Number of protein chains: 2
Amino acid sequence: MDSQPVHMPCPTRFAVDRLRSAGLRPTRQRIALAGLLFAKGDRHLTAEELHDEASGAGIPVSLATVYNTLHQFTDAGMLRVLAIESSKTYFDTNTSDHHHFFIEGDNEVMDIPMGSILVDGLPNVPEGMEIAHVDVVVRLRHKG
Amino acid sequence: MDSQPVHMPCPTRFAVDRLRSAGLRPTRQRIALAGLLFAKGDRHLTAEELHDEASGAGIPVSLATVYNTLHQFTDAGMLRVLAIESSKTYFDTNTSDHHHFFIEGDNEVMDIPMGSILVDGLPNVPEGMEIAHVDVVVRLRHKG
DNA sequence: CTGTGTGCAAACTCTTTGCATAAGT
DNA sequence: ACTTATGCAAAGAGTTTGCACACAG
């Protein structure tokens, strides 16, 4: 019956399709990184974290390529950059409009559940400007 | 009548007092930097900007000292650090609770007038955590 | 094949640090 | 005098870039 033999596992298929529709050539490294990024729900990663994860998964990819790839994905609208902490760039796999917890000390980023925060009374924007985005970061610390 | 001759201009006096009450020795450099920072209302500066400004004002101070001083002022509660853009640290002379515009392209930071923004419906905070701070950044772009 | 992507290493930016010198009290 | 701050230069983290080689179409 199966006249179209499938040689690749499903996550790879998924990644390949996503890359193609973004106009990016599905190379080994991009497929692998997309697989890691988009397989398990929303994630917030630095380039270094993703690089470590790839290495750990037996995918040899250079840090430079991880950076390049993350920026390509960002330009293609598959990722969003978070400016939460100076000195480290976090990439968010959830590109929809939402906000974040940042846990000081642990340097961990978490999504704030949609709809549970409300920003109101936005101020008048200066002449000739428009709002590109509103970012809310709720910084948490350990109690005690 | 004036039995206490005043040899220093007023801004210096002010800076010296501020430094003393923060427990910081009022050195030439600290006095000069405090003068620049706190003389003209609320400001949002990077270390490099302040360094340039000091140099321009004929105050020779090294960039390393500017960084050290900004951190000492921050620890003393005289400044706040803004994490608005990756790769650059902005120091805010307004330590009260308020939010910011960030103009993309120009990389300029502006205060949002107090009370003109309202964050409501803060989400439940995870167990054992408390809110340290809520930061709202309204990112603006030039229209057209 | 042809063009694009990758890896490596070097460059670059921002920031911190160590140590001898200078300044404050 | 005694202590603390400063300047310089070097080190350090994170990120980017240039160029030869490798891979996808």
Side-chain angles (χ1 to χ4, degrees), chain A residues 7-8 12-13 15-34 36 44-52 54-55 58-76 78-79 81-91 107 109, chain B residues 7-8 12-13 15-34 36 44-52 54-55 58-76 78-79 81-91 107 109:
Chain A
H7 297 300
M8 289 170 161
T12 302
R13 239 274 101 70
V16 169
D17 292 346
R18 252 195 110 143
L19 289 168
R20 271 200 222 286
S21 50
L24 295 169
R25 277 212 325 222
T27 64
R28 292 192 211 316
Q29 291 84 344
R30 285 177 182 164
I31 295 167
L33 295 178
L36 291 173
H44 311 90
L45 296 163
T46 63
E48 194 135 23
E49 284 165 1
L50 182 57
H51 182 242
D52 290 350
S55 303
I59 302 155
V61 61
S62 73
L63 184 56
T65 297
V66 172
Y67 273 107
N68 290 337
T69 304
L70 286 170
H71 285 129
Q72 290 154 0
F73 287 6
T74 302
D75 293 344
M78 299 160 68
L79 293 176
V81 171
L82 302 183
I84 278 190
E85 201 216 2
S86 280
S87 92
K88 266 188 181 174
T89 303
Y90 286 84
F91 293 86
N107 283 17
V109 180
Chain B
H7 296 301
M8 290 171 160
T12 301
R13 239 275 99 72
V16 169
D17 292 346
R18 250 195 112 144
L19 289 168
R20 273 200 220 287
S21 52
L24 295 169
R25 281 216 319 226
T27 64
R28 292 193 210 315
Q29 292 82 345
R30 285 177 182 161
I31 295 168
L33 294 178
L36 291 172
H44 311 90
L45 296 163
T46 63
E48 194 135 21
E49 284 164 3
L50 182 57
H51 182 242
D52 289 350
S55 302
I59 303 155
V61 62
S62 74
L63 183 55
T65 297
V66 172
Y67 273 107
N68 290 338
T69 303
L70 286 169
H71 285 129
Q72 290 154 359
F73 287 8
T74 302
D75 293 344
M78 299 159 69
L79 294 175
V81 171
L82 301 183
I84 277 189
E85 201 215 2
S86 280
S87 92
K88 266 188 181 174
T89 302
Y90 286 85
F91 293 85
N107 284 17
V109 181

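Letters A, B, ... are given to chains in the order of the sequence lines, protein chains preceding strands, and every chain is numbered from 1. These numbers were taken from a predicted model, which means no experiment stands behind them. Below, each value reflects all heavy atoms present in this structure, side chains not excepted, and no hydrogens, waters or symmetry copies.
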For DNA chain D, note the earliest and the latest nucleotide, 5' to 3', having some atom under 4.0 Å of a heavy atom belonging to chain B. dT3(D) to dA9(D)
Taking 4.0 Å as the cut-off, does a side-chain nitrogen or oxygen of S62(A) come that near to OP1 or OP2 on dG7(C)? yes
Output the distance between atom CG (L79(B)) and atom OH (Y90(B)), rounded to the nearest 0.5 Å. 15.5 Å
Approximate separation, where rounding is to 0.5 Å, of Q72(B) CD and T65(B) OG1: 8.5 Å
Between R25(B) and R30(B), what is the shortest heavy-atom contact and its length? O-NH1, 3.0 Å
Closest non-hydrogen contact found for L70(B) with T74(B) is O-OG1, 2.7 Å
Using rotation axes that map the C1' atoms of four end pairs onto the next four (five pairs an end), what angle separates the end axes of the helix from dC1(C)-dG25(D) to dT25(C)-dA1(D), to 10°? 30°
With side chains defined as the heavy atoms from C-beta onward, is the minimum distance between F91(A) and L82(A) less than 4.5 Å? no
Closest heavy-atom contact between A54(A) and V61(A)? CB-CG1, 3.7 Å
In the 5'-to-3' direction, what one-character label does each nucleotide of nucleotides 10-23 of chain C receive under the scheme B = base within less than 4.0 Å of a protein heavy atom, S = sugar-phosphate only, - = no such atom? ----SBBB-----B
Heavy-atom pair of closest approach, residues L24(B) and A76(B): CD1-CB, 4.4 Å
The side-chain contact (heavy atoms from CB on, under 4.5 Å) partner of L33(A) among T69(A), L19(A), I59(A) is T69(A)
Does any N or O in the side chain of R20(B) come within less than 3.5 Å of the main-chain N or O of P26(B), such that one atom is a donor and the other an acceptor? no
Please find the pair of heavy atoms, one from E85(B) and one from N107(B), that lie closest to each other, and give the distance. OE2-ND2, 3.3 Å
